[in-house]
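Written below as structure tokens is the structure these notes are about.
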Amino acid sequence: MNENLFASFAAPSMMGLPIVVLIVMFPSILFPTPSRLINNRLISIQQWLIQLTSKQMLAIHNQKGRTWALMLMSLILFIGSTNLLGLLPHSFTPTTQLSMNLGMAIPLWAGTVITGLRYKTKASLAHFLPQGTPLPLIPMLVVIETISLFIQPMALAVRLTANITAGHLLIHLIGGATLALINISATTAFITFIILILLTILEFAVALIQAYVFTLLVSLYLHDNT
Amino acid sequence: MLQNLVKSVWVPMKPYYTQAYQEIWLGMGLMSLIVYKIRSADKRSKALKGKIFASSKGGGQKTPSYFLRTRCPMA
């Protein structure tokens, strides 16, 4: 039972070959490229959604920050689509792997920090000391701010991993409980089934929210450094 | 195929890869350095555990000298 619970998080392989790369690349097929001036309904809806998201996300940025528009939109689309596809039964979700999320978080966070150090060195270094700090507290606060800076990529990755993994585990557990209770008590099984449906709706929301939170935080780190 | 790849991917993305994402390439370099350090430490500790296990199975043999080796130059 315990082994089965975590089996869905193991990296999949087919005939001995790892197919994680194919699974990671799969969501890009679901976003068709606009090829005409006036496209079909699906592509038009896709363009409208991307425009809505990019307008809202890039409103706070200056010209330098807006060069990251393609990266931020790709990020939210990739994480959102990967999380949603992971809600299909028996599918593998790449964003449950900490290695994958660290692989996204570290380069993007480091990119924002290096951008800040390169173009606005003094302002970037000034972030280590909040305005109005009392003199005796300065050394301690600089240490605290440095630690909070280096924790940012870890928090980004672990937040996404933990939320998606926890949701999938809960669905497994409550689904298993529903099946086990069918023979014991139909009423309890029905209540558990209702809880499972509500949890699945919650997981749909969490999938999209976590994609938005990841991208928004990267956007905020970029805004601090540009 | 390569020509098609260059025309459809490299040509539109060139300003991003060469100018906009310079800092992200540096971040990817940092990440690959972290991955390398973690992997090599893991390999070293697994090799160490294997040697200790082999020496303890041999019975009564001297503990390998690199068990006591540290990074500190004073050691």
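What you see below is based on every heavy atom in this structure, not just the backbone, and it leaves out hydrogens, waters and symmetry mates. All chains are named by letter (A, B, ...) in the order of the sequence lines, taking the proteins before the strands, and each is independently numbered beginning at 1.
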For A:Ile38, look at atom CD1 and say whether over 12 heavy atoms of other residues, nucleotides or ligands are found less than 6.0 Å away.
no

Ordered numerically, the heavy-atom neighbours of chain B under 4.5 Å found in residues 55-86 of chain A are A:Thr67, A:Trp68, A:Leu70, A:Met71

Could you please state which residues from residues 3-16 of chain B sit under 4.5 angstrom from chain A, measuring non-hydrogen atom to non-hydrogen atom, sorted by number, or 'none'?
B:Met13, B:Tyr16

Rounded distance (nearest 0.5 Å) linking atom CD1 of B:Ile24 with atom OG1 of A:Thr115
7.5 Å

CG of A:Leu108 to CD of B:Glu23, rounded to nearest 0.5 Å, is 12.0 Å

What part of B:Gln19 lies closer than 4.5 angstrom to a heavy atom of chain A: side chain, backbone, both or neither?
neither

Side chains of A:Trp109 and B:Met31, heavy atoms from C-beta outward: is any pair under 4.5 Å?
no

Where is the tightest heavy-atom contact between A:Ala110 and B:Gly27, given as atom of each residue plus distance?
CB-CA, 3.6 Å

Find the distance between CG (B:Leu30) and CD1 (A:Ile106) and round it off to the nearest 0.5 Å.
6.5 Å

